[in-house]
Amino acid sequence: MSDDLLQSPLHDRHAALGAKFAEFGGWSMPLEYAGAGVVKEHAAVRDAVGIFDVSHLGKAIVTGPGAAGFVNATLSNDLRRIGPGQAQYTLCLDDETGGIVDDLIAYYRDEEHVLLVPNAANTGEVVRRLTAAAPEGVTVTNHHRDYAVLAVQGPKSDEVLDKVGLPTGHDYMSFVTAEFAGVGVVVCRTGYTGERGYELVAANSAAGELWDKLLEAGADLGIQACGLGARDTLRTEMGYPLHGQDISLDTTPNQGRLGWAVGWKKDTFWGKAAVVAEKEAGPKRILRGIVATGRGIPRPHMQVFLSADVAAGEVTSGTFSPTLKKGIGLALVSTSVNPEAEVSVDVRGRREVFQLTQPPFLDTSVRES
């Protein structure tokens, strides 16, 4: 693995737990842990509680008079749909093409302070675009390497946070700031697993003690350290897109089934003209779910066929679902194909049958309970 990769402030703790590391977005991050593995880590989140280090996620802060208005005039979603102390999934779109530069979470603290959490590999580009467009008095600061992000996910996540004295019980997609080890910790009711859970944003100086205390608090609750392998299977079961695979600069919100994250009635946002025009004309491809009817396991870039010689699209994400015990995935498929059609996927030279479906693949009610 390259020596140039960035490391989490918790890297040594992961190594001590026997983590297998992998490159992700320019960072060396835990893929899975010794004595557990993806399936066990996945099950811990669905059944009890798991803890993830996701410090590779970006952290950028937009501050100054009119900061919230500036974010609202550039990013896709309508920040006016929420209020202070709430978070919102949104998109940074290319102004000319409407392609997705990144998908991110905006944490609206007040009119002069918005925290943005983009994907690791795209943080620099999102910050660059916002900085270039920022009006006088509005500052965009890249704090990517200054803060750690820990995700505590699963039905017992509240119990773990309660034990370390952090606030719980606030509404889904909201956040509060608390104190831990003498520093502020942003406790967000967000996550990427589909389970009830929290994401904690803390200064690097507090990250190690926070990680240790959370693991200690969850010891009798079945807590499991989880890597990016389980994070990927968990998010795929929920049909959550991954930037760089399912969505990218070459896909639009219409194609990625992300129109719900667009403030269509706003006066302006980057890419508005392009995505409105495409929405009115109808996109030529769209992201759909696929479920194996047999034993096939889809993988990215595998071809999807409507019949023996009629190509219909391409798999963007695919995995074996530990919960459903079958192959599932996401695929960009032509909109001319019936959304409930059976298709075949070329799985290493064999045509395996899959059913098109609308994600998520599991019930989503738990995350909002």
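Model, not experiment: these values are computed from the prediction.
Without hydrogens or angle criteria, Thr293 side chain to Val353 main chain gives a donor-acceptor distance under 3.5 Å. The backbone N or O of Ala261 sits less than 3.5 Å from a side-chain atom of Ser76, completing a donor-acceptor pair. Looking only at distances, no side-chain donor or acceptor of Thr168 sits under 3.5 Å from a matching main-chain atom of Asp158. Put simply, the side chain of Asp78 never gets that close to the backbone of Asn72: no donor and acceptor are under 3.5 Å apart. Judged purely by atom type and a 3.5 angstrom limit, Thr131 has no side-chain atom pairing as donor or acceptor with the backbone of Arg128. Judged by distance alone, the side chain of Glu159 and the main-chain N or O of Asp162 form no donor-acceptor pair under 3.5 Å.
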Next on the checklist: Before you tell me yes or no, could you show the steps for Asp346 and Gln303 under side-chain hydrogen bond (donor to acceptor under 3.5 Å, both in side chains), namely the whole-Å CA-CA distance, both residues' side-chain angles and the distance that decides it to 0.1 Å?
Outcome noted: CA-CA 6 Å; Asp346 186 345; Gln303 296 302 300; over 6 Å; no
Checklist entry - Could you go step by step and tell me if Thr316 and Asp246 meet the side-chain hydrogen bond (donor to acceptor under 3.5 Å, both in side chains) rule? => result CA-CA 5 Å; Thr316 54; Asp246 310 298; 2.6 Å; yes
Next on the checklist: For a side chain to side chain contact (heavy atoms under 4.5 Å, CB included) check, start with the C-alpha distance between Arg46 and Thr323, then their side-chain angles and the critical distance, and finish with the verdict.
Outcome noted: CA-CA 8 Å; Arg46 291 280 181 248; Thr323 305; 3.8 Å; yes
Next on the checklist: Between Ser157 and Arg196, is the side chain to side chain contact (heavy atoms under 4.5 Å, CB included) condition met? List the steps.
Outcome noted: CA-CA 7 Å; Ser157 55; Arg196 183 179 179 89; 4.3 Å; yes
Item to check | salt bridge (charged side-chain N to carboxylate O under 4.0 Å, His left out) assessment of Arg13 paired with Asp212 | outcome: CA-CA 9 Å; Arg13 283 171 167 78; Asp212 293 343; 2.8 Å; yes
Next on the checklist: side chain to side chain contact (heavy atoms under 4.5 Å, CB included) for Val186 and Arg109? Distances and angles first, verdict last.
Outcome noted: CA-CA 11 Å; Val186 182; Arg109 187 182 299 274; 4.0 Å; yes
Checklist entry - Step by step, would you call Leu362 with Leu324 a side chain to side chain contact (heavy atoms under 4.5 Å, CB included)? => result CA-CA 9 Å; Leu362 302 180; Leu324 301 176; 3.6 Å; yes
Next on the checklist: Let's go through Glu112 and Thr63 carefully: what are the C-alpha distance in whole Å and the side-chain angles of both, what is the deciding distance for side-chain hydrogen bond (donor to acceptor under 3.5 Å, both in side chains) to 0.1 Å, and is it a yes or a no?
Outcome noted: CA-CA 5 Å; Glu112 297 191 6; Thr63 56; over 6 Å; no
Checklist entry - Passes side-chain hydrogen bond (donor to acceptor under 3.5 Å, both in side chains), Gln358 versus Glu340? Steps please. => result CA-CA 9 Å; Gln358 181 172 327; Glu340 297 179 352; over 6 Å; no
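Remark: Lys163 engages Asp220 in a salt bridge, criterion side-chain N to carboxylate O under 4.0 Å. Between Asp95 and Lys272 there is no salt bridge, since no side-chain nitrogen of the basic residue lies less than 4.0 Å from a carboxylate oxygen of the acidic one.
Lys284 contributes atom NZ, which lies 11.0 Å from atom OG of Ser336 (distance to the nearest 0.5 angstrom). With values rounded to the nearest 0.5 angstrom, Leu79 atom CG is found 4.5 Å from Ile82 atom CD1. Here NE2 of His243 is found 10.0 Å from CG of Leu104. Values are rounded to the nearest 0.5 Å. We find the CG-NZ distance between Asp47 and Lys156 to be 9.0 Å, quoted to the nearest 0.5 Å. Note that CD of Gln7 is 10.0 Å distant from NE2 of His14, once rounded to the nearest 0.5 Å. Separating the NZ atom in Lys20 from the CG atom in Leu31 is a distance of 6.0 Å, to the nearest 0.5 Å.
At a threshold of 4.5 Å between non-hydrogen side-chain atoms, the residues Leu93 and Val275 count as touching. Residues Leu234 and Phe52 are in side-chain contact: their nearest non-hydrogen atoms beyond the backbone lie under 4.5 Å apart. Contact check for Gln255 versus Glu278: side-chain heavy atoms found under the 4.5 Å cut-off. Using a 4.5 Å heavy-atom cutoff, the side chains of Glu352 and Arg295 are not in contact. The shortest distance between side-chain heavy atoms of Val149 and Val117 does not fall below 4.5 Å. A heavy-atom distance below 4.5 Å is found between the side chains of Asn142 and Thr123. Side-chain contact between Thr233 and Val38 is present, with at least one heavy-atom pair separated by less than 4.5 Å. You'll find the side chain of Phe70 stays beyond 4.5 Å of the side chain of Val114, heavy atoms only.
In terms of heavy atoms, Val183 sits closest to Ala206 at CG2-CB, 3.3 Å. What you find for Val45 and Glu195 is that their closest heavy atoms are O-CG, 3.5 Å. Listed here is the closest heavy atom pair of Pro283 and Thr335: O-OG1, 2.9 Å. Annotation for Ala181 and Glu209: closest pair CB-OE1, 3.5 Å, computed over non-hydrogen atoms. Tyr192 and Pro241 make their closest contact through OH-O, 2.8 Å (heavy atoms, listed as atom of the first residue, atom of the second, distance). Smallest separation of non-hydrogen atoms from Leu330 and Gly239: CD1-O, 4.1 Å.
Of the N and O atoms on the side chains of Gln245 and Ser317, at least one donor lies less than 3.5 Å from an acceptor on the other residue. Judged purely by distance below 3.5 Å, without hydrogens or angles, the side chains of Asn119 and Asp103 pair a donor atom with an acceptor atom.
As a member of the Ile/Leu/Val/Met/Phe/Trp/Tyr network built from side-chain separations under 4.5 Å, Leu161 groups with Leu10, Leu17, Tyr33, Val49, Ile51, Leu150, Val152, Val160, Val164, Leu166, Val176, Phe180, Val185, Val187, Tyr198, Leu200, Leu210, Trp211, Leu214, Leu215, Leu221, Ile223.
Within 6.0 Å of the NZ atom in Lys213, the count of heavy atoms belonging to other residues, nucleotides or ligands does not exceed 12. Applying the 6.0 Å contact sphere to CG of Asn338 captures more than 12 heavy atoms from other residues, nucleotides or ligands. Taking a 6.0 Å sphere around NZ of Lys326, one finds it holds 12 or fewer heavy atoms contributed by other residues, nucleotides or ligands.
Hydrophobic clustering, with ILVMFWY side chains joined whenever heavy atoms are under 4.5 angstrom apart, keeps Phe305 apart from Ile290. Hydrophobic cluster membership is shared by Leu228 and Leu242, with clusters built from Ile, Leu, Val, Met, Phe, Trp and Tyr side chains linked at under 4.5 angstrom. Tracing side-chain contacts under 4.5 Å through hydrophobic residues (I, L, V, M, F, W, Y), one reaches Val71 starting from Leu130; they form part of the same cluster. When hydrophobic clusters are built by joining Ile, Leu, Val, Met, Phe, Trp and Tyr residues whose side-chain heavy atoms come closer than 4.5 Å, directly or via intermediates, Ile286 is not grouped with Leu332. At a threshold of 4.5 Å between side-chain heavy atoms, the hydrophobic network of Ile, Leu, Val, Met, Phe, Trp and Tyr places Phe361 and Val315 in two separate groups.
If you look at Trp27 and His144, their ring centroids are closer than 6.0 Å.
Each of Glu237, Arg231, Gln153 was checked for a side-chain hydrogen bond (donor to acceptor under 3.5 Å, both in side chains) with Thr193, and the lone residue meeting it is Gln153.
Applying the ring pair (Phe, Tyr, Trp, His ring centres under 6.0 Å) test to pairs two or more places apart or on separate chains, those with a residue in residues 75-128 are Tyr89-Trp260, Tyr107-Phe175.
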